[in-house]
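Chain letters run A, B, ... following the sequence lines, proteins first, then strands; residues in each count from 1.
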Number of protein chains: 2
Amino acid sequence: MDQNNINEAVLPLENFIAYRLNQAAEKVSQRFAIEYKKRHGMTRPEWRTLATIGQFGNITAKQICQHSSMHKTKVSRAIFTLEQRRWLKRTVDQNDRRVEHLELTLQGQKAYLELSDVARNFQDQIYSALGPSNAAALETSLEAIETLIDPQ
Amino acid sequence: MDQNNINEAVLPLENFIAYRLNQAAEKVSQRFAIEYKKRHGMTRPEWRTLATIGQFGNITAKQICQHSSMHKTKVSRAIFTLEQRRWLKRTVDQNDRRVEHLELTLQGQKAYLELSDVARNFQDQIYSALGPSNAAALETSLEAIETLIDPQ
DNA sequence: AAAAATTTGTTGCATAAGTAACGATAGACT
DNA sequence: AGTCTATCGTTACTTATGCAACAAATTTTT
């Protein structure tokens, strides 16, 4: 399987930043996904929704979308599933009845705290596997990309 | 919208490495996806397949899977579409007739070189927007994660 | 050499995701 | 008040994805 060197202007996929970031993100995410999948049969949108509500305590679907960058249909469906599971409750806003305020039930909080703990351990493992210098480089470059992507 | 500080063990989503990597990857990829989408109506699996064949010149579906980390059904369908578009041709291996060798047609090569060029410019823009020091940090940390994920 | 197991690539089916349209509500404009 | 526009969240429809089963070819085992 020879490299095609007809044209030296070529950019191998494995050197392409979009591809490399995707690979890294996907592999890391999947490794964590195993946790919430095996523990609660959750999907990624469900975990992110749970995490966002858990983090803010009281929040609306729209705010979850903004904070987690998920599509509103994803969030809507995740909320539905979490509600079925009795992990959250909705309260209609009395000043604007289009809006629903979401809060975790005790069960929901329990699951959130448990998974949050797993997430922190997972992250600690990654950082210590990387070592302090690589971890610092990762932090620096992620911040730089975040600023690039989302300039305040 | 107050932070929920009942429990200090909580890990905010925006500090979670899996989430941050995904955001970065998704945003960067989508910005590049605009290019191949608007130019040729291509999908991401199609672009990756085109890029992989273009890079190796002559390759099989299985090898594309291995090199690009895409699921074999994704690759199979991308090959089908690229073939319809007359961007690649298949040749059955004479020693093992399960295997098909894939090569780009002239049209396929043209599209590949064009998009490869766009990709390089895109990448150059990102690196220069990041600046040399952040770009170096990104390179370092991506390599570190790649080693972690895929230890040879 | 026949049977069993493996490999390559495709396809049927079920699930996930996004677009666009929607109902319900609220706000702005005349 | 009445109309027009915008917003919040849901849903119908279409497309994308992945698993599992598959056919065809090859390799291994007996």
### Query
The side chain of A:Asp96 lies closest to which of these nucleotides: C:dA21, C:dG9, C:dT25?
C:dT25

Collect all protein-nucleotide pairs involving nucleotides 1-5 of chain C in which both atoms are nitrogen or oxygen and the distance is under 3.5 Å.
none

#### Entry: Check: B:Ser68 main-chain N/O paired with A:Tyr19 side-chain donor or acceptor under 3.5 Å
yes

#### Entry: Spacing of A:Lys72 atom NZ relative to C:dA17 atom P, expressed in whole Å
17 Å

### Query
C:dT15 P sits how many Å from A:Lys74 NZ, rounded?
18 Å

### Query
Would you say A:His71's side chain and A:Thr73's backbone share a donor-acceptor pair under 3.5 angstrom?
yes

### Query
Once you round it to whole Å, what is the distance between P of C:dG9 and CG of B:Leu82?
15 Å

### Query
Under 3.5 Å, is there a donor-acceptor pair linking the side chains of B:Ser141 and A:Ser141?
yes

### Side chain B:Ser76, main chain B:Lys72, donor-acceptor under 3.5 Å
no

### Query
Under 3.5 Å, side chain of A:Asp150 to main-chain N/O of A:Glu146, donor-acceptor pair present?
no

### Query
Do A:Arg97 and C:dG27 have a side chain to base donor-acceptor pair shorter than 3.5 Å?
no

### Task
Among the candidates C:dG9, C:dG12, C:dG18, find the nucleotide nearest to the side-chain atoms of B:Arg77.
C:dG12

### Message
If I compare all heavy atoms of A:Arg31 with all of B:Leu148, which pair ends up nearest, and what's the gap?
### Response
NH2-O, 4.3 Å

### Message
Quick check on DNA chain C: between B:Arg90 and B:Gln30, whose nearest nucleotide comes earlier from the 5' end?
### Response
B:Arg90

### Query
Within this structure, what is the CE-to-P distance between A:Met70 and C:dG18, rounded to whole angstrom?
10 Å

#### Entry: Under 3.5 Å donor-acceptor, B:Gln55 side chain and A:Leu13 backbone
yes

### Summary
When rounded to the nearest 0.5 Å, the distance separating CD of B:Glu35 from CG of B:Leu115 is 8.5 Å

### Query
When rounded to the nearest 0.5 angstrom, what is the spacing between CG in A:Leu138 and CG in B:Leu138?
9.0 Å

### Query
Can you tell me how far P of C:dA21 sits from NE2 of A:His71, to the nearest Å?
13 Å

### Query
Given side chains that start at C-beta, do those of A:Trp87 and A:Thr81 come closer than 4.5 Å, heavy atoms only?
no

### Task
If the plane angle is over 60° it's perpendicular, under 30° parallel, otherwise tilted; pick one for B:Tyr36 and B:Trp47.
parallel

### Message
What's the angle between the local helix axes at either end of the helix from C:dA1-D:dT30 to C:dT30-D:dA1, using five pairs per end and rounding to 10 degrees?
### Response
10°

### Message
If you compare every side-chain N and O of B:Lys62 against the phosphate oxygens of C:dT8 (OP1, OP2), does one of them come in below 4.0 Å?
### Response
yes

### Query
Looking for any heavy atom pair under 4.0 Å, which part of the strands does A:Asn95 touch: base, sugar-phosphate only, or nothing?
sugar-phosphate

### Query
Using a heavy-atom cut-off of 4.0 Å to chain B, what are the terminal contacting nucleotides of DNA chain D, in 5' to 3' order?
D:dT17 to D:dT26

### Message
Please report the interatomic distance CG(B:Asn58) to CG(B:Leu104), rounded to the nearest 0.5 Å.
### Response
10.0 Å

### Query
Side-chain donor or acceptor of B:Arg98 under 3.5 Å from a matching atom on the base of C:dT8?
no

